[in-house]
Enquirer: 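Below is the structure I would like to discuss, written out as structure tokens.
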Amino acid sequence: MPELPEVEILARHLRPLLVGKRVRMVTVLRAKAVRPLGAERFRELLNGAEIRALGRRAKYLCFDLAMERGLKPRRMLGHLGMTGRMYLQPSGAPQARHASVVIGLGPEDWVFEDSRQFGGLTFEVQRLEGLGPEPLDEGFTEALLRSRLGESSQAIKVRLMDQRVLAGLGNIYASEALHWAGIAPHRPAWGLKRRELARLCDGIRSVLETAIRTGESMLLDFAGSGAGDGLFYYGRGPEAAETSEERFRVYDRAGQPCRECSEPIVKSVLGGRSTYACGRCQR
DNA sequence: CACCATGTTCCTTG
DNA sequence: CCAAGGAACATGGT
């Protein structure tokens, strides 16, 4: 469940459940999830911590931890990779097959589950250092976007997905924002006019905000115990029946009609990733 | 069996 | 130095 909106929704969901709780037990089931520290060392650093705050930076969850006995506060980062999930369950409940780390909080367990194991928990806070600006911050303007893109000749979509350029966009929302803005994904970044950059800026904000609102409006099942269905929100109830075809403007809609002009959406590959666009609306 | 998948990092090639 | 492409990472869905 990984791009900025999904991580943001997860952070908002977990915040009231975790803040104020203390870590009583740490069980690492897959050492890979806590690299490079290793299970033993990771447990030492986390055990006894009280969760003071939970935030998000790019696609990272940021846990601010207060330690016992006058030890310095620590910050732990969580990244979901492609398939990471995080949720609470009653302690002693049956373990998910791909549970990577289980953190006992007393009456509940805080579970990090990740079938593909591309994600992880880390204390390497330097990972945040090179990240680009947050697109939902006040200061994210056409001028900032222009300066971040620089004189690069890379395809704009590839550039938007570079976390050092801009934080939080992934393969889905990069395609979505470009369609919103009417810009073809393969255009070299340096060739974009100011008008186009201003539209792109609005498009990025708009698709991210819409996705966050969608997540907020759904009843979510963060454990995803139900049928995983290619959505990044695991919903329950009547609202949850939407497919990606309805949720997205272009992503995963190859051959389907563009919502603006009915031209079929075209799939291509950029930077090794599937890319979706309307050849008529996006120039 | 084949191919695809929300992410990131590393390596090679041009 | 830069850009592009591929592979790797592990597993599951279609």
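A note on names: the letters A, B, ... follow the listed sequences, proteins ahead of strands, and every chain is numbered from 1. Everything numeric in this text was worked out from a predicted model, so none of it was measured.
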Enquirer: Taking it one step at a time, do A/W110 and A/L17 satisfy side chain to side chain contact (heavy atoms under 4.5 Å, CB included)?
Expert: CA-CA 9 Å; A/W110 167 21; A/L17 302 176; over 6 Å; no
Enquirer: Measure the distance from OH on A/Y276 to C1' on B/dT6 and round it to the nearest whole Å.
Expert: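 Rounded to the whole Å, the gap is 12 Å.
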Enquirer: Looking at A/Q126, I'd like to know if its CD atom is crowded, meaning that more than 12 non-hydrogen atoms belonging to other residues, nucleotides or ligands lie closer than 6.0 Å.
Expert: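 Count over threshold, so yes.
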Enquirer: OP1, OP2 of B/dT8 versus side-chain N and O of A/H79: anything below 4.0 Å?
Expert: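 True: A/H79 side-chain N/O within range (under 4.0 Å) of B/dT8 OP1/OP2.
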Enquirer: Quick one: does A/R187's side chain have a donor or acceptor within less than 3.5 Å of a partner on A/R283's backbone?
Expert: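 Present.
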Enquirer: How close or far is atom P of B/dT6 from atom CZ of A/R247, stated in whole angstroms?
Expert: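 My rounded result for the distance is 14 Å.
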Enquirer: How far does the P atom of B/dC4 sit from the matching atom of C/dG6, given to the nearest Å?
Expert: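 Here B/dC4 and C/dG6 have their P atoms 12 Å from each other.
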Enquirer: Would you mind checking if A/R249 and A/E260 are paired as a salt bridge, meaning a charged N to carboxylate O distance below 4.0 Å?
Expert: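 Counted as a salt bridge, because a side-chain N and a carboxylate O are separated by less than 4.0 Å.
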Enquirer: Classify the nucleic acid contact of A/R35 as base, sugar-phosphate or nothing, counting any heavy atom under 4.0 Å across all strands shown.
Expert: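 Answer is nothing: A/R35 stays at 4.0 Å or more from every strand.
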Enquirer: With syn defined as a glycosidic torsion within 90 degrees of 0 and anti otherwise, which applies to C/dA10?
Expert: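 Syn conformation for C/dA10.
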Enquirer: Enumerate, in order of first residue number, the stems that involve DNA chain C, defined as 3 or more consecutive Watson-Crick or G-U wobble pairs with both distances under 3.5 Å.
Expert: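 Stems for DNA chain C, defined as runs of 3 or more consecutive pairs: B:2-5 with C:11-14, B:7-14 with C:2-9.
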Enquirer: Provide, to the nearest angstrom, the distance between the CG atom belonging to A/L220 and the C1' atom belonging to B/dT6.
Expert: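 Rounded to whole Å, this separation is 16 Å.
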Enquirer: Between A/R41 and A/E44 (salt bridge meaning N to carboxylate O under 4.0 Å), is one present in this structure?
Expert: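 The answer is yes: the pair qualifies as a salt bridge.
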Enquirer: Distance check: side-chain N/O of A/K267 vs OP1/OP2 of B/dC4, anything under 4.0 Å?
Expert: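 Checking B/dC4 against A/K267, no side-chain N or O comes under 4.0 Å of OP1 or OP2.
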Enquirer: Between B/dT6 and C/dA4, how far apart are the C1' atoms? Round to whole Å, please.
Expert: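 To the nearest whole Å, 22 Å.
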Enquirer: Please answer: with hydrophobic residues joined when any side-chain heavy atoms are less than 4.5 Å apart, are A/F123 and A/L131 in the same cluster?
Expert: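 The answer is no; the residues belong to distinct hydrophobic clusters.
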Enquirer: Could you work out the separation of C/dA7 and B/dC3 based on their P atoms and round it to a whole Å?
Expert: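 Looking at atom P only, C/dA7 and B/dC3 are 12 Å apart.
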Enquirer: Could you grab the distance from atom CE of A/M218 to atom CZ of A/R247, nearest 0.5 Å is fine?
Expert: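 Result: 6.0 Å between the selected atoms.
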Enquirer: A/S91 vs A/D109, test: side chain to side chain donor-acceptor pair (under 3.5 Å). Steps then yes/no.
Expert: CA-CA 5 Å; A/S91 72; A/D109 287 338; 4.9 Å; no
Enquirer: OP1, OP2 of B/dT6 versus side-chain N and O of A/Y173: anything below 4.0 Å?
Expert: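 No, outside the criterion.
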Enquirer: Whole angstroms only, please: what is the CG-C1' distance between A/D252 and B/dA5?
Expert: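 Value for this atom pair: 9 Å.
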Enquirer: Not counting sequence neighbours, which residues clear side chain to side chain donor-acceptor pair (under 3.5 Å) with A/R273? List them please.
Expert: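 Result, side chain to side chain donor-acceptor pair (under 3.5 Å) vs A/R273: none returned.
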Enquirer: Indicate yes or no for a side-chain donor-acceptor contact from A/D114 to the backbone of A/F118 under 3.5 Å, with no hydrogens or angles considered.
Expert: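 Checked: pair present.
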Enquirer: Between A/R127 and B/dT9, does any side-chain N or O lie under 4.0 Å from OP1 or OP2?
Expert: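 For B/dT9, OP1 or OP2 has a side-chain N or O of A/R127 closer than 4.0 Å.
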Enquirer: I want to check something: taking the side chain as every heavy atom from C-beta on, are A/E176 and A/E3 in contact at a cut-off of under 4.5 Å?
Expert: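 Counting from C-beta outward, A/E176 and A/E3 never come under 4.5 Å.
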Enquirer: OP1 or OP2 of B/dT6 sitting under 4.0 Å from any side-chain N/O of A/K59?
Expert: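 No.
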Enquirer: Which pairs with one or both residues in residues 131-145 of chain A pass salt bridge (charged side-chain N to carboxylate O under 4.0 Å, His left out), sequence neighbours excluded?
Expert: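 Of all non-adjacent pairs touching residues 131-145 of chain A, those that pass salt bridge (charged side-chain N to carboxylate O under 4.0 Å, His left out) are A/R56-A/E134, A/R57-A/E134, A/E142-A/R146.
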Enquirer: Rounded at 0.5 Å granularity, tell me how far CD1 in A/I103 sits from CZ in A/F63.
Expert: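 Between atom CD1 of A/I103 and atom CZ of A/F63 there are 7.5 Å.
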Enquirer: Rounded to the nearest Å, what distance is computed from the CG atom of residue A/L77 to the C1' atom of nucleotide B/dT8?
Expert: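 To the nearest whole Å, that distance equals 15 Å.
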Enquirer: Got a list of protein N/O to nucleotides 1-3 of chain C N/O distances below 3.5 Å?
Expert:
residue	atom	partner	partner atom	Å
C/dA3	OP1	A/S152	OG	3.1
C/dA3	OP1	A/S153	N	3.4

Enquirer: Would you please indicate if the ring centroids of A/Y251 and A/Y173 are separated by under 6.0 Å?
Expert: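 Ring-ring flag for A/Y251/A/Y173: false, centres at least 6.0 Å apart.
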Enquirer: Which pairs, protein N/O on one side and nucleotides 10-14 of chain B N/O on the other, fall under 3.5 Å?
Expert:
none

Enquirer: Is the count of non-hydrogen atoms from other residues, nucleotides or ligands lying under 6.0 Å from A/R12 atom CZ greater than 12?
Expert: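 Result for CZ/A/R12: enclosed.
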Enquirer: Taking CD from A/Q126 and P from B/dT9, how many angstroms apart are they, rounded to a whole number?
Expert: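 So the two atoms are 12 Å apart, to the nearest Å.
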Enquirer: If I take atom CG in residue A/L80 and atom P in nucleotide B/dT6, what distance separates them, rounded to the nearest angstrom?
Expert: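 The answer, rounded to whole Å, is 15 Å.
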Enquirer: To the nearest angstrom, how far is A/L4 atom CG from B/dG7 atom C1'?
Expert: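 My rounded result for the distance is 14 Å.
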Enquirer: Walk along nucleotides 6-12 of chain C from 5' to 3' and tag each nucleotide B, S or - by protein heavy-atom contact under 4.0 Å, base first, then sugar-phosphate.
Expert: ---BBBS
